[in-house]
Amino acid sequence: QQNALLQQANQDELTGLPNRRAMRESLDALLTDPHAHAPRVGIVVLNIDRLHHVNDSLGYGVGDQVLVEVANRLLRHAGAQGCTVGRIGGDEFLLVKPLHADGIAALEAIARDTAHVLAQRYVVDDQSIYVTCSAGVSWSPDAGRDAAQLLGQADLALNIAKQRGRNQFVLYSDERSADMADRIVVTQEMRHALQRDEFELHYQPVVDAVDGMIVGAEALMRWHSPKLGVIEPSRFIPIAEDTGMIVRLGDWALRSAIAEIGSWQKAGRRTVPLSVNVSAVQFQRPEFVDDIEGALRDAGVAPGMLKLEITESVVMEDARTVAMRLNRLKQLGVRISLDDFGTGFSSLGQLRQLPIDEIKIDQSFVRDINDDAYAATLCRAIIAMSQQLQFTVVAEGVETAGQARFLVEAGCQSLQGFLFSPAVPAQVIGEWLADDARWMLDGSRRPRVSGAGAQLDGRAALDRDS
Ligand code: C2E
Ligand code: MG
Ligand code: MG
């Protein structure tokens, strides 16, 4: 009787296969067995795609029969190739196989054959049913040394298979899991970084294409983590967006930039509008506009000094809400800039209906402007279109004098890029503004100019190069 109980605890009732618990135990045993003859153990976690469709349309009875048949096919095919087969969830199965020298190739072949076998027709109550499966594959010791680690890595690979559209299998990869581990560490550190004052806003000048003066600056976040070193926005912003932390971070950036303008105003300095990047997550919050209005009021800053950079992904969201919010910002007097233009799919028709002031040509097009006819044509077209629609155009990522020249000749009004300056601390921008700094189109900077010679200087630099 005790045996019967034990069997119940370890067996899946429907299919008679070992259940999750039993599979974990035997996997752990296999991994820790000092007498094991195989140097590695491979596992395949299989998920039947959209089994709930079968359940919903034909009933659970039919779904159950499909699962029983799946179990039989797995036993017949994978079992024959030395795999232990178990059912570890409603629509999830596990194959475990000791591997020898050719191990991973063999494991991959098993995953492929299994998917093929499971995709064949099922007949239940005279009805033909077809299902597919997604699978994640991992193996010891690369992916881990115990059952939990191997299953975790296989699950990760399975999720990627599902994201890629199902009906496929994905192998565990070192880089992918290193990437995941990196995300976890960055996420943990970021939770404290704001209180610990580890973030800083730097500002990259935007330069007028005709006279080389600073016409604005873009606030860009910098993170110095004492533990991880300097972390690039491209690494932490996507994580902050996924975890929702961007709301607090973004709010901090907005308030800091607004405070900066306020302090310039108080000091009686020449000020230029500051641009702040806004993520879709921030923009979607109902409080967004009110918060900005409050922050401007608190700091006593004219709304026209603030520019918000949004991306096409924001514009593509629920069109009516977006238009409403943008119109409220417009009424306030805040300016709107469309960042990374050309990388998304917004249409001209959409843009025309939105109160946008400025378009920033994405740096990927600027980069290739001098040696790729397509990029050049595209930049010209964006500039021409923007003139028609009365948007200002800023070119981002200008690195060479050749690029600057092309853009100026094409009619682009403002330039931003390493040719002029990377993002610098606010204080430096403040000094440049106080000194009336201006740039030549070859990227050199003059601290101060006076009188009419200024513009000629700029032209002269342009002419010399051409
Ligand atoms: P972005 O808004 O398109 O910002 C421009 C990026 O291009 C910045 O990178 C800037 O340093 C870089 N860049 C400027 N000139 C050049 C150049 O000549 N050549 C090249 N190769 N790159 C140039 P950064 O600072 O690493 O920021 C990357 C992205 O992170 C930004 O792209 C923006 O999407 C995001 N980001 C930065 N700060 C914030 C923030 O405060 N809030 C939000 N939501 N996103 C931010
Ligand atoms: Mg930007
Ligand atoms: Mg950009």
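In each ligand, atom 1 is the first atom listed, and ligand 1 is the first ligand listed.
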Is there a polar contact between ligand 1 and [X], counting only N or O atoms under 3.5 Å apart?
X      : value
Ser279 : yes
Asp339 : yes
Met221 : yes
Ser234 : no

- Item | atom 9 (O) of ligand 1 touched by protein heavy atom at under 4.0 Å |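 Looking at atom 9 (O) of ligand 1, one finds that no protein heavy atom lies closer than 4.0 Å.
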Would you mind running through ligand 1 and noting each atom that sits below 4.0 Å from a heavy atom of [X]?
X      : value
Gly417 : 15 (N), 18 (O)
Glu399 : 17 (C), 18 (O), 19 (N), 20 (C), 21 (N)
Gln363 : 5 (C), 6 (C), 7 (O), 12 (C), 13 (N), 20 (C), 21 (N), 22 (N), 23 (C)
Val398 : 18 (O)
Gln282 : 44 (N)

- Pick out which of Leu95, Val96, Leu30, Val137 makes a side chain to side chain contact (heavy atoms under 4.5 Å, CB included) with Ile43.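 Result for side chain to side chain contact (heavy atoms under 4.5 Å, CB included) with Ile43: Val96.
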- Applying side chain to side chain contact (heavy atoms under 4.5 Å, CB included) between Leu415 and each of Leu441, Val206, Val215, report the one that passes.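 The option that passes is Leu441.
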- How many N, O or S atoms of the protein are nearer than 2.8 Å to the Mg ion (ligand 2)?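 For the Mg ion (ligand 2), the figure is 4.
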- Is it the side chain (CB and beyond), the backbone, both or neither of Thr311 that lies under 4.0 Å from ligand 1, heavy atoms counted?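 Answer for Thr311: neither.
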Look at [atom] and find which of [options] reaches it with the closest heavy atom.
atom                    : options                        : answer
atom 37 (C) of ligand 1 : Val276, Leu419, Leu220         : Leu220
atom 11 (O) of ligand 1 : Arg222, Arg235, Glu232, Glu396 : Arg222
atom 45 (N) of ligand 1 : Asp362, Val281, Leu415, Asn277 : Asn277

- Task: Examine ligand 1 and decide if any of its atoms is less than 4.0 Å from a heavy atom belonging to Lys360.
- Result: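 No, that is not the case, since the closest heavy atom of the residue is not under 4.0 Å from the ligand.
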- Task: Please state whether Gly250 comes within less than 4.0 angstrom of ligand 1, counting heavy atoms only.
- Result: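 Flag not set, Gly250 not near ligand 1.
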